[in-house]
Amino acid sequence: MPLVTTTEMFKKAYNGGYAVGAFNVNNMEIVQGITEAVAEEHAPVILQVSKGARAYANHNYLVKLVEAALVCNPDMPIALHLDHGPDFETCKSCIDGGFTSVMIDGSSLPFDQNIELTKRVVEYAHDHGVVVEAELGTLAGIEDDVQVSAEDSSYTRPEEVEEFVSRTGCDSLAIAIGTSHGAYKFKPGTKPQLRFDVLHEVEQRLPGFPIVLHGASSVPQEYVKMINEHGGNMPGAIGVPEEQLREAAKSAVCKINIDSDLRLAMTGTIRQFFMEHPDKFDPREYLKPARANIKELVRHKLVNVLGCAGKA
């Protein structure tokens, strides 16, 4: 099976009351861990690449890694997605370079400028058989080059979504309902709570339209603890409660982005390995258990959070 767009994935997810996991990839072990889990759980998946990942690993290497995953799992539906495309040129490069889905992030722009930029990307993408995710509302936090302070973040305004989708022609819409980028989403002592009222109003205004949640890592505390017990320093790293993500996945939310969790699993595993085996130096020895923990974490997300196991 070749790479697919998210169109059919989202139709099935919307009608089935589950969400497709969108996992950020940077290297071979992360790609392997994710795709081995989704193959065994028979789940659809979106492998997404940020501007920072393209700068780190090179566009061509990342595309070939995903193509290799397809060869190893020929019956698995995989979409290759650009996460947080900052401008038309980056989106065009990914469209021309084999991606099946791109996100144009004009959320920091004024409303009309966001529409203008998004529409330009949509027109080019659709001419090449590629789908487009847009964003309305601004998430706080840090992800690669995306840095937004809590003061500058803003919830999506439901009264704007119909006009935005109609004028841009985008295929899915990322909204801001209280998630945030990075591992420090909520302050210790606070009760994490997503704005389901905003989500439900968006659903009513855009019936049948796929919604996306960014910044939705749950920041597993076992990996935060593992990092801190083996030389790390991550006090107060708190993510979105998984039960809230599961509730969102039963609604119009068809795509949930998960990135920090995989990085925490990899970092925690490697830190523990070196503390326990200070004489080791072969990357294969410490990357193998890191890959295994990524696989098990993804499996947990597919089954217990996203609800998409068995939906491929």
Side-chain angles (χ1 to χ4, degrees), residues 21-37 47-58 61-62 65 83-84 139-150 179-192 214-242 244-245 256-302 304-305:
F23 301 94
N24 284 68
V25 298
N26 304 282
N27 61 20
M28 181 184 76
E29 287 76 19
I30 293 176
V31 171
Q32 289 175 325
I34 295 167
T35 55
E36 287 174 12
L47 300 180
Q48 55 185 30
V49 173
S50 66
K51 175 185 175 183
R54 292 177 80 228
Y56 166 73
N58 184 284
Y61 277 101
L62 291 168
L65 284 173
D83 190 26
H84 287 289
L139 274 64
I142 300 174
E143 182 181 3
D144 288 345
D145 293 335
V146 180
Q147 300 187 30
V148 179
S149 67
T179 57
S180 61
H181 295 297
Y184 299 87
K185 302 183 188 302
F186 300 96
K187 294 181 179 180
T190 61
K191 183 180 179 181
H214 283 247
S217 294
S218 57
V219 187
Q221 292 303 297
E222 63 267 31
Y223 288 117
V224 174
K225 181 180 179 182
M226 184 185 292
I227 289 170
N228 290 336
E229 288 180 346
H230 295 90
N233 183 24
M234 294 188 66
I238 301 173
V240 181
E242 289 189 339
Q244 293 189 31
L245 295 175
I256 294 180
N257 288 18
I258 300 170
D259 51 7
S260 298
D261 291 357
L262 305 189
R263 298 173 188 178
L264 289 168
M266 173 165 273
T267 299
T269 305
I270 292 173
R271 280 186 174 276
Q272 179 176 327
F273 181 91
F274 280 126
M275 290 285 283
E276 295 176 351
H277 306 280
D279 60 322
K280 300 294 185 180
F281 61 90
D282 189 336
R284 294 170 296 183
E285 294 187 335
Y286 58 82
L287 289 174
K288 184 176 180 179
R291 180 178 60 194
N293 276 344
I294 287 173
K295 177 180 177 179
E296 290 311 307
L297 178 59
V298 171
R299 188 197 306 276
H300 166 74
K301 298 290 185 181
L302 299 173
N304 300 304
V305 181

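What you see is a predicted model; the values in this text were computed from it and never measured. No hydrogens, no waters, no symmetry mates; every other heavy atom, side chains included, goes into these values. For reference, positions follow the sequence shown, starting with 1.
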Quick one: pull up [atom1] in [X] and [atom2] in [Y] and give me the separation to the nearest 0.5 Å.
X	Y	atom1	atom2	value
N27	M266	CG	CE	5.0 Å
T35	L47	OG1	CG	7.0 Å
T269	H230	OG1	NE2	10.0 Å
E36	R291	CD	CZ	6.0 Å
Y223	R271	OH	CZ	15.5 Å
L245	E242	CG	CD	7.0 Å

Closest non-hydrogen atom pair, [X] against [Y]:
X	Y	value
N228	M234	OD1-N, 2.7 Å
S218	D261	N-OD2, 3.0 Å
I270	A290	CG1-CB, 4.1 Å
L262	I34	CD1-CD1, 3.8 Å
S260	S217	N-OG, 3.1 Å
V49	V25	CG2-CG2, 3.9 Å

Salt-bridge present (E296, R299; N to O < 4.0 Å): yes

Step-by-step side chain to side chain contact (heavy atoms under 4.5 Å, CB included) determination, R263 to N26: CA-CA 10 Å; R263 298 173 188 178; N26 304 282; 4.3 Å; yes

Close side-chain approach of [X] and [Y], heavy atoms under 4.5 Å:
X	Y	result
D83	N257	yes
Q272	M275	no
I294	E29	no
K295	Q32	no
K280	Y286	no
V298	I258	no

N/O donor-acceptor pair under 3.5 Å between Q221 side chain and V219 backbone: yes

